[in-house]
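Whatever order the structure lists them in is the order used to number ligands and atoms, beginning at 1.
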Amino acid sequence: MRTQRQVVDYALQRRALLAEVYSGRVGTNEVCDASPYLLRAAKFHGQPSDVTCPVCRKEPLTLVSWVYGDELKHAAGSARTADELTRMATLFGEFSVYVVEVCRTCSWNHLVQSYVLGTRGLRESKPRRRTAAE
Ligand SMILES: [Zn+2]
């Protein structure tokens with residue numbers, strides 16, 4: 001997306017947690033704990049990924065994007081589809097997106113990526129002109 005910025009990747013944390021699970025130090029019941037709310041969001045707003053669930057290996061993970069930000073008002077904390085995110089990126093100045101992967105079979109879930117979207121990013125990508133206040 002054009003206004004995407006401040007991208008944070010959580011692959012390292014994910015790998016570290018999975019290493020704990022594979023070694024048996026962390027039980028699958030501790031990490032496969034997606035709430036009914038998250039599973040519902042995966043069903044209705046999720047995007048299929050091409051990554052197979054690292055725990056049960058039975059199905060591809062579903063990606064759910066949660067949006068947060070003061071500007072969003074009542075929409076803050078809701079799950080959104082890719083199309084909705086694209087539209088919102090043109091409507092709001094700035095909001096955060098947290099992408100969570102979910103397995104709808106075993107309920108494994110983990111934060112994958114977070115980033116910021118919104119029209120303020122368009123202004124930032126133009127050559128910066130410093131103001132006297134900076
Ligand atoms: Zn699974």
Q) side-chain contact (heavy atoms from CB on, under 4.5 Å) between E59 and C103: does it pass, once the steps are laid out? A) CA-CA 7 Å; E59 66 162 66; C103 173; 3.8 Å; yes
Q | Metal environment of the Zn ion (ligand 1), protein N/O/S under 2.8 Å | A |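 Result, waters dropped: C53 SG, C56 SG, C103 SG, C106 SG.
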Q: Flag the pair R80 / H45 as yes when at least one side-chain heavy-atom distance between them is below 4.5 Å, and no otherwise.
A: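 A side-chain contact under 4.5 Å is absent here.
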Q | T3 backbone acceptor or donor facing R5 side chain under 3.5 Å | A |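 Side chain of R5 to backbone of T3: a pair is present.
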Q | Donor-acceptor under 3.5 Å (Q47 side chain, T62 main chain) | A |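 It does not hold such a pair.
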Q.
Before we go on, tell me: are the rings of Y37 and W66 under 6.0 Å apart, centre to centre?
A.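 Yes, ring centres under 6.0 Å apart.
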Q | Near-ring test Y68/Y98, centroid separation under 6.0 angstrom | A |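 Between Y98 and Y68, the centre distance is under 6.0 Å.
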